[in-house]
Structures are given as C-alpha cells and as structure tokens.
2 protein chains.
Amino acid sequence: MGRNPARTRSEVISVALELVERDGLEALTLRGLGAALGVGHTSVYTHFKDKHELIEALVALAAADVLSSNVPIGAGPRTRLRDLASRARQSFTQHPRLAPALLQASGEVDSAVELSRAILAELKRAGLGGRRLIVAYRTLETYVIAMSIFDFGGAPHHLAIRVARQQSIDPATFESVTTEAAVEALNEEAYVAGFELLLDGFDIHDN
Amino acid sequence: MGRNPARTRSEVISVALELVERDGLEALTLRGLGAALGVGHTSVYTHFKDKHELIEALVALAAADVLSSNVPIGAGPRTRLRDLASRARQSFTQHPRLAPALLQASGEVDSAVELSRAILAELKRAGLGGRRLIVAYRTLETYVIAMSIFDFGGAPHHLAIRVARQQSIDPATFESVTTEAAVEALNEEAYVAGFELLLDGFDIHDN
DNA sequence: ACCTGAACACCGTTCAAGT
DNA sequence: ACCTGAACACCGTTCAAGT
C-alpha cells in the first residue's frame, strides 16, 4: 500500500543506533526497528539487503572520523601517533554496545584501514623499517583497537570489583579501584601509560 | 517418554563446544545441540536453566586452567609474569569462536580473576606499590586479555591484507604479512614485543 | 532425575501486491 | 522507489506428560 512516508537510509541507521545504545546489540530487531521508525518491519530491506548489512553500517558509523583531519600538521611522529591513537580510541569507544560487532568487523571497517595506513606512515617517518617496522605497527595498532574495545566491553569493572574483594586491599584503595568513574579513569591511565611505554620501547620520538 | 539414554552435563558442554568450533557461536542452537546429542532439544534444560547459562559454561571451560600449576617455583617476578601471561593467552585463544562471548563474560570468569590475583601478587613481589602498582596491573592484565581475544577474533588478517594492498609494499614483504601463517606468527611476535616493553617500562625484573 | 512433544511468542527473510 | 501484509522456516522457552 505504501502509505507511510519514506525513510532515508541514514534515518534508519540513526534510529537503529539509538535502539542499540539503549537496549544493546542483541536487542536490535528488524521488527522493533520498524516499529521505532513507524513503518512495517520489511521496509528495512529497501536500504539493506540483510540485517548483517545494517549492522555493518552501524559499525562503520561508530568507527568513522578516526582521521577527521585537524591532526596538527608539522608535528613529530610521536605526537601524531599519540593523537591518532587517542582519536581512534575515542571513536571505537563511543558506542560500547557495538563492541561485539566491532570485534568481528574491524577488518572490514574503512576507518580501521585508515588508521593502519596512518600508523605505518608515521612509523616510517620516525625512521623505522624492515621487520621492526612491521612488528611495531602491528603491536601499536592492535594495542589501540583491542585495549579500547575491551575497556568498554563492560568486563573490567566487574573484574576489578571481584579482584579487590578477594585481595586484602585497604578501603581507600578499594574505593579508588571499584567506583565506576574510578575504573574509567584507571582504564584511561593504564591505556596511556602502556601506549607511552610502547612508543619509548620502539624508539619513536618527535625529533 | 524418557526413552533416550541420559547425557551428563559435561557431555552436553563438550558437544556444544564442538559445534561452536565447527560452525561458530552464532550457529549454536538448542535444537541443533539436541540433534547432535541424539536427544530432544528441550532436554538441555535439565542441566542449564538458560542458553545463556550454557554459553557461560563454555566460556568457563575455554578460559580454564590459566593457572594449571607447574609455574616454575622460585622463579623471579618477570619470569613468572611472562609465563602466567602466555598461559592465559593460550587458554583465551584456544577457542577463537568464543571470543565475542568472552568479551562480555570475562568479568565473571573465575580464571580471569585468578589471573588478576596472580598478576597483582607478582607485581608486589617485584617491588611495585601504590598507584603505580594498580596502573601496571591494569595495563598488563588488559593487554594480555584484550590482545589475545582480538588477535583471534579474525579481524587482523583481513586488515593486514587490505593495508598491504593499499600501501605500495614490495611483494616479499606483502607475502610476509598477509599469509595466514605469517599473520599468526606476526601476531605472536607483536604480542611478545609489546609485553616485554611493558615489563621494561614498569621496571619489572627477576632480581 | 531425565526425556518428550506440543504449544507459545518471537525471530529474519521472501514475495506478490500495492502506491 | 518505497511500503505492506501474509507466509515460511526457524528460534528459545514453558509445560504437562511420560519413565
């Protein structure tokens, strides 16, 4: 009958993303999405051949603008890498409910590829080459993506609480480790500490 | 009617794990599992109140024996940590198809908690304390789990191929980076390199 | 205690049909 | 091009029933 007004592809994506953010990825349903759009559930097939293709679009959006420009031109390789990495971390963690999908899809996500190319370029600029270049590249890239996805998968918080409980940890330290805000801050601090140590170890400087 | 022979809980788990290893986690179906067991699909509810509970059991098994003893007694903290970490990495990567479930569940997995406690103990033995202890612990633990889960999520292989294709990389290097075996070796090399750099950076020695 | 089959409320996907 | 509703083959889960 075609009585309802038409939805654009990006309308569908953004409503789907809202649903995922509210109820989680596993709760995303074509039927529920149709209802949220005020449309029959089979209308989604106008824009996406598959539920899988829809999720791919969500992942692509979540991982987008890793390299949204304004990276300080003229900066040294170390500064550039740090900036690049934290931008990637940000975009990978903006939508934590998508983490499981990201885990499977990141090989196909354009912005992940962009990140890879940028990392490689900066490492070359820092003077690395040969096998050492390849290893450093792989370590840094995996570090950024894996640490970021994992931090916001929800696991670390429960883990911290359980560990703190079983260790005989003084109350102040316990508090500083198990509060949700504290865990987030600690995740960030641990990420930064590790990243800087890797940059040190691979001899990457701004020179 | 109860005509079929009874299945034990661990029989159910091991057959389910076989199915997951062959067809992936998303293909695990109570009905399919029942068929594989030669049993009505509702029989699974005898041992598990939920599909979720079944998957939790699979994850627990996959992450088990992280600390299956025979860690060289008398060894220094650095050696112990290296050993602990590689054992954890091994057990986390033995069942790559479970990676998505692991990502969500690792906070509840006993062996992950064991790993945490062991890491903390060794770091203390290495002389770390206060905030520095906490940060080092968090960085190392997340590094081991996240890098291991991510390496075997399947993403890196496709990523390597796409990047190598877009860079102007000489054929020999291309081959050394995109062969499946090469990717696996590179993942391992990158993991080890990063881990040693972190140990260096946190001043962890065998003393 | 363990298995069974029917039933229920849900899925994703296809398709002929409408505008 | 986009929406629709019915239909199909699947899900997980519940439950009364068997042994």
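In what follows, chains carry the letters A, B, and so on, assigned in the order in which the sequence lines appear, proteins first and then strands, with residues in each chain numbered from 1.
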Measuring from Ile204(B):CD1 to Leu123(B):CG, what's the distance to the nearest 0.5 Å? 5.0 Å
Taking only residues two or more places apart in sequence or in another chain, which ones pass side-chain hydrogen bond (donor to acceptor under 3.5 Å, both in side chains) with Arg125(A)? Glu122(A)
Can you check the His52(A) NE2 to dT13(C) C1' distance for me, whole Å? 16 Å
Among residues at least two apart in sequence or on other chains, which ones pass salt bridge (Lys or Arg N to Asp or Glu O under 4.0 Å) with Glu188(A)? Arg89(A)
Correct closest heavy-atom pair for Leu128(A) and Ala136(A) would be CD2-CB, 3.6 Å
Holding to side-chain hydrogen bond (donor to acceptor under 3.5 Å, both in side chains), I want the full list of residues that pass it with Arg132(B), two or more places apart in sequence or in another chain. none
Can you give me the closest heavy-atom contact between Leu58(A) and Ile13(A), atom names plus distance? CD2-O, 3.5 Å
Can you tabulate the close N/O pairs, meaning under 3.5 Å, that link protein atoms to atoms of nucleotides 9-11 of chain C?
from    : atom 1 : to       : atom 2 : distance (Å)
dC11(C) : O5'    : Thr29(A) : OG1    : 3.3

Quick one: list whatever passes side-chain contact (heavy atoms from CB on, under 4.5 Å) with His41(A), sequence neighbours left out. Arg31(A)
Got a sec, which residues hit side-chain hydrogen bond (donor to acceptor under 3.5 Å, both in side chains) with Arg131(B), two or more places apart in sequence or on another chain? Glu189(A)
Is any side-chain heavy atom of Leu84(B) closer than 4.5 Å to one of Val144(B)? no
Report the residues that fulfil ring-ring contact (aromatic ring centres under 6.0 Å, His included) with Tyr137(A), sequence neighbours left out, ordered by chain and then residue number. none
Here the distance between atom P of dT13(C) and atom CD of Glu53(A), to the nearest Å, is 11 Å
Using the ring-ring contact (aromatic ring centres under 6.0 Å, His included) criterion, which residues pair with Phe202(A)? Sequence neighbours excluded. none
By side-chain hydrogen bond (donor to acceptor under 3.5 Å, both in side chains) - contacts of Glu196(B) (at least two apart): Arg78(B), Arg82(B)
Tell me whether the rings of Tyr191(A) and Tyr143(A) are parallel (<30°), tilted (30 to 60°) or perpendicular (>60°). parallel
The correct set of residues in residues 11-24 of chain B placing a heavy atom under 4.0 Å from DNA chain C is none
Output the residues of residues 34-49 of chain A in contact with DNA chain D, where contact means a heavy atom of the residue under 4.0 Å from an atom of the strand; sort by number or write none. Val39(A), Gly40(A), Thr42(A), Ser43(A), Thr46(A)
Could you write out DNA chain D as a dot-bracket string, with dots for unpaired bases, | for bases paired across to another strand, and Watson-Crick or G-U pairs counted at under 3.5 Å? ||.|||||...|||||.||
